> 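Before we start, here is the structure in question, set down as structure tokens.
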Amino acid sequence: MTKRKHVSPEVLDASLLRKQRKPIPHPFVLDAISTLSPYTRPMFGCLAIYVKDKIALILRDKPKSTADNGVWLATTQEHHHSLRREFPNMRSIQVLGKRVTGWQVLPADAPDFESAALRACELVLAGDPRIGKIPGARTSKSRSKADGRSPKQIKTSKKHGSTINFDTVRKIGLAIPGVEESTAYGSPALKIRGKLLACVPTHRSAEPGSLAVRVGFDDRAELLAAAPDVYYVTDHYLNYSAVLVRLSRVTPDVLRDLLGMAHKFVTGRRA
């Protein structure tokens with residue numbers, strides 16, 4: 001009989017921690033702004049960096065989908081021109097499927113990546129207003145609304161512990177003009193003029209008790225940044241204009257606003 005090797009609890013704990021912890025992408029960025037006491041949250045399978053009440057940067061280093069690897073800058077289109085003078089290789093991220101996005105990336109494969117990333121850190125340290133956004137704050141005049149409410153109002157109205165299922169979703173959704181009950185991939189869904197509004201997600205990556213709601217990519221980013229315990233997205237849904245919602249974490253009022261936002265997004269899209 002083979003003798004079983006004894007492993008001390010300390011060694012076992014250390015081994016488990018090594019397996020559970022994911023390496024921080026581009027850790028020199030966090031080191032460079034450490035005096036600001038930044039904190040991080042996972043987002044889009046990456047690492048978002050917050051300074052006080054603002055999201056400033058996202059660090060991305062995925063081995064398979066490498067196109068947008070690097071340091072993402074939380075900025076707006078009005079600042080792109082001036083920032084590009086400092087960062088010639090800066091461009092819009094591709095993962096959101098839009099030609100121009102508010103988020104800009106300093107690509108990891110650019111020859112000046114490290115120097116550009118450190119320069120971005122200097123701007124963050126200096127409080128440059130071009131980098132950093134308060135989640136939910138919109139500067140565009142065409143900001144999305146649902147029944148007169150902004151995305152920030154929607155996500156900050158949540159209350160935990162509510163009991164909501166697709167019956168609640170159906171009841172609220174069918175009260176919106178033109179919305180009809182349907183199915184999507186065999187699961188209950190709401191549509192308007194044949195276009196998907198919301199549905200029970202069928203992919204195995206979605207958590208049980210979730211709802212997939214159609215929203216624009218920018219609105220989704222804000223929802224994820226402000227309330228990651230309520231809204232989430234998996235890699236499978238990353239390129240779809242939708243957000244996953246944990247129904248146990250929202251109220252009927254929040255759900256009504258979300259469906260209103262989805263209605264405006266779907267009906268406002270070009271064919």
Side-chain angles (χ1 to χ4, degrees), residues 39 41-44 48 50 53-55 133-138 140 142-185 187-192 195-234 236-238 240-269:
Y39 61 97
R41 287 178 180 169
M43 185 185 297
F44 304 130
Y50 293 77
D53 59 345
K54 289 185 177 182
I55 180 170
K133 295 193 293 186
I134 297 175
R138 304 294 293 272
S140 170
S142 60
R143 75 182 195 176
S144 298
K145 292 184 179 180
D147 297 331
R149 303 184 63 170
S150 70
K152 184 177 181 181
Q153 288 173 311
I154 291 173
K155 57 180 168 278
T156 55
S157 299
K158 63 182 175 61
K159 293 180 181 178
H160 298 287
S162 59
T163 303
I164 288 181
N165 53 30
F166 195 79
D167 289 337
T168 313
V169 176
R170 183 188 298 109
K171 182 178 179 180
I172 293 173
L174 292 179
I176 301 174
V179 173
E180 58 187 8
E181 188 174 0
S182 183
T183 59
Y185 302 102
S187 288
L190 296 176
K191 295 182 179 180
I192 181 164
K195 295 181 179 180
L196 183 66
L197 198 72
C199 68
V200 175
T202 57
H203 194 264
R204 62 181 179 273
S205 64
E207 299 173 11
S210 295
L211 180 72
V213 180
R214 297 288 306 282
V215 295
F217 288 115
D218 287 340
D219 285 334
R220 181 176 76 177
E222 292 186 7
L223 292 168
L224 292 170
D229 59 328
V230 180
Y231 308 100
Y232 71 103
V233 66
T234 66
H236 175 78
Y237 292 94
L238 197 58
Y240 292 92
S241 51
V243 68
L244 297 170
V245 185
R246 296 179 175 98
L247 289 178
S248 64
R249 302 294 184 96
V250 297
T251 65
D253 285 341
V254 171
L255 185 58
R256 186 174 293 107
D257 291 331
L258 282 168
L259 293 177
M261 179 190 289
H263 178 272
K264 178 165 283 191
F265 170 70
V266 172
T267 57
R269 292 187 55 158

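Because the structure is predicted, anything quoted here is derived from the model rather than measured.
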> Would you be so kind as to tabulate the donor-acceptor pairs closer than 3.5 Å made by side chains of residues 167-177, with sequence neighbours excluded?
unit_1 : atom_1 : unit_2 : atom_2 : d
D167   : OD1    : R170   : NH1    : 2.6
R170   : NE     : E181   : OE1    : 3.4
R170   : NE     : E181   : OE2    : 2.7
R170   : NH2    : E181   : OE2    : 3.4

> Are the side chain of Y237 and the backbone N or O of H203 linked by a donor-acceptor pair below 3.5 Å?
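Present.
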> For atom OH of Y39, decide whether the heavy atoms of other residues, nucleotides or ligands shown that lie under 6.0 angstrom number more than 12.
yes
> At their closest point, which heavy atom of L259 faces which heavy atom of A198, and how far apart are they?
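Scanning both residues, the minimum pair turns out to be CD2-CB, 3.9 Å.
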> Do L255 and L211 have side chains that get closer than 4.5 Å, going by heavy atoms?
yes
> Ignoring hydrogens and geometry, is there a side-chain-to-backbone donor-acceptor pair from R214 to L196 under 3.5 Å?
yes
> To the nearest 0.5 Å, how far apart are CG in D219 and CG in L224?
11.0 Å
> Quick one, L223 with L258, criterion side chain to side chain contact (heavy atoms under 4.5 Å, CB included). Give me CA distance, side-chain angles, the key distance, then yes/no.
CA-CA 10 Å; L223 292 168; L258 282 168; 4.3 Å; yes
> Any heavy-atom pair between the side chains of R220 and L238 that's under 4.5 Å?
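In short, these two side chains touch, coming nearer than 4.5 Å.
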> Locate the shortest heavy-atom distance separating P188 from F166; write the atom from each residue and the value.
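Minimum heavy-atom contact is CB-CE2, 3.4 Å.
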> Identify the heavy atoms of P252 and I164 that sit nearest to each other, and give their distance.
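For P252 versus I164, the nearest heavy atoms are N-CD1, 3.5 Å.
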> Checking K191 side chain against T183 main chain: does a donor-acceptor pair fall under 3.5 Å?
yes
> Would you name the heavy atoms of Y231 and R246 that are closest together and state the gap between them?
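Answer, listing the atom of Y231 first, then R246: O-NH1, 4.1 Å.
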> Determine, stepwise, if the pair L197 / E180 fulfils side chain to side chain contact (heavy atoms under 4.5 Å, CB included).
CA-CA 10 Å; L197 198 72; E180 58 187 8; over 6 Å; no
> Got C199 and S187 here, is their nearest side-chain heavy-atom distance under 4.5 Å?
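When only atoms from C-beta onward are counted, S187 and C199 do not touch, as no gap falls below 4.5 Å.
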> Measure across T202 and A184 and return the closest heavy-atom pair with its distance rounded to 0.1 Å.
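Heavy atoms of T202 and A184 come nearest at CG2-O, 4.1 Å.
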> Enter the distance from L190:CG to S182:OG here, rounded to the nearest 0.5 Å.
9.0 Å
> If you look at every heavy atom in Y240 and F217, which pair is closest and at what distance?
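Between these two residues, the closest heavy atoms are O-CE2, 3.4 Å.
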> Do the non-hydrogen side-chain atoms of I192 and H263 ever get within less than 4.5 Å of each other?
yes
